[in-house]
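The block underneath contains the structure these notes are about, expressed in structure tokens.
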Amino acid sequence: MRIAVVDGQGGGIGKHIMEKLRRELPEHVEFLALGTNAMATSVMLRAGANEGATGENAVIYNAGRVDLIVGPISILFPNAMLGELSPKMAEAIAASPARKVLLPLSRAGIDIVGLKSEPLPHLIEEMVRKVKEIIGEKTKQG
């Protein structure tokens, strides 16, 4: 199982996701830090990623080569993260056959209705539970 954590700007959200997933998941799970910039990638690498890559081509190239993509929901929106996430990155992530587990963080003028507002640590806990559930399903399938 190979999981890509995608983040940009300061990489703070990706760092928290990476730390929590690394603590909760088995050693055989590989983590790829995909940063829209070098700082985000570096922060996620220090938080436990096995490998890291930065920039548009890295995100486009790797989006289809992982089993699962996690990050804030903004990674599906062109020009998110103050423009760091290019339209091609958003398209590659959205079109990837990898399952996506995304945090419903509302920014950049996009509101997601029907969700209860929760603090980031609670959302990350829920994300980790979902990722563990998916890994359990894949393990049962062989």
Side-chain angles (χ1 to χ4, degrees), residues 1-113 115-139 141-142:
M1 168 72 65
R2 192 157 198 227
I3 299 173
V5 179
V6 181
D7 198 12
Q9 297 186 297
I13 293 171
K15 172 186 177 253
H16 291 296
I17 293 170
M18 189 70 71
E19 286 174 341
K20 187 71 177 166
L21 287 173
R22 175 55 75 197
R23 274 195 310 265
E24 299 276 336
L25 297 179
E27 283 293 317
H28 70 271
V29 176
E30 293 181 40
F31 294 98
L32 173 62
L34 291 176
T36 59
N37 65 63
M39 179 189 290
T41 304
S42 175
V43 166
M44 291 189 286
L45 280 166
R46 286 194 305 269
N50 299 88
E51 296 179 289
T54 301
E56 183 177 81
N57 195 61
V59 171
I60 292 168
Y61 179 79
N62 288 295
R65 291 174 166 78
V66 295
D67 301 298
L68 191 63
I69 296 173
V70 300
I73 197 167
S74 60
I75 63 175
L76 296 177
F77 304 141
N79 303 311
M81 301 178 184
L82 299 175
E84 286 187 15
L85 199 107
S86 73
K88 289 181 179 176
M89 292 166 138
E91 181 181 352
I93 292 167
S96 168
R99 193 153 173 188
K100 292 126 190 115
V101 180
L102 306 172
L103 295 173
L105 301 176
S106 295
R107 287 193 175 166
I110 296 171
D111 294 309
I112 302 167
V113 297
L115 298 173
K116 189 170 64 174
S117 180
E118 293 280 344
L120 182 60
H122 295 177
L123 293 173
I124 291 175
E125 287 285 336
E126 186 65 28
M127 171 184 267
V128 169
R129 273 194 293 276
K130 186 64 180 177
V131 169
K132 289 168 89 173
E133 180 185 307
I134 291 168
I135 289 174
E137 290 171 7
K138 289 199 176 263
T139 302
Q141 293 171 355

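Just the heavy atoms: all of them, side chains too, but no hydrogens, waters or symmetry mates, feed the values below.
- Screening V131, I3, V128, I69 for a side chain to side chain contact (heavy atoms under 4.5 Å, CB included) involving V101 leaves a single residue, V131.
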Step by step, would you call E91 with K88 a salt bridge (charged side-chain N to carboxylate O under 4.0 Å, His left out)? CA-CA 5 Å; E91 181 181 352; K88 289 181 179 176; over 6 Å; no

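- Judged as a salt bridge (charged side-chain N to carboxylate O under 4.0 Å, His left out), the pairs with a partner in residues 51-68 (not counting sequence neighbours) are, in order, R2-E51.
- The main-chain N or O of F31 is found under 3.5 Å from a side-chain atom of N50 such that the two form a donor-acceptor pair.
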Open item on the list: I'd like to know whether M18 forms a side chain to side chain contact (heavy atoms under 4.5 Å, CB included) with V70, so could you lay out the CA-CA distance, the side-chain angles of the two residues, the decisive distance to 0.1 Å, and finally the verdict.
Closed with: CA-CA 9 Å; M18 189 70 71; V70 300; over 6 Å; no

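- Minimum interatomic distance between A49 and A33 (heavy atoms only, all atoms of both residues): CB-CB, 3.7 Å.
- Of all the heavy atoms in A98 and V66, the pair that sits closest is CB-O, 3.3 Å.
- In this structure, K15 pairs ionically with E19, as a charged nitrogen and a carboxylate oxygen lie closer than 4.0 Å.
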Show your reasoning for whether side chain to side chain contact (heavy atoms under 4.5 Å, CB included) applies to R99 and E137. CA-CA 12 Å; R99 193 153 173 188; E137 290 171 7; 3.3 Å; yes

### Task
May I have the step-by-step check of side chain to side chain contact (heavy atoms under 4.5 Å, CB included) for R129 and K132, ending in yes or no?
CA-CA 5 Å; R129 273 194 293 276; K132 289 168 89 173; 5.7 Å; no

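- Residues I13 and P72 share a closest heavy-atom pair of CG2-CD, 4.4 Å.
- How far CE of M127 is from NZ of K20: 13.0 Å, rounded to the nearest 0.5 Å.
- Contact detail for A40 and D7: the closest heavy-atom pair is CB-O, 3.8 Å.
- Here the closest non-hydrogen pair linking M1 and I135 is CE-CG1, 3.8 Å.
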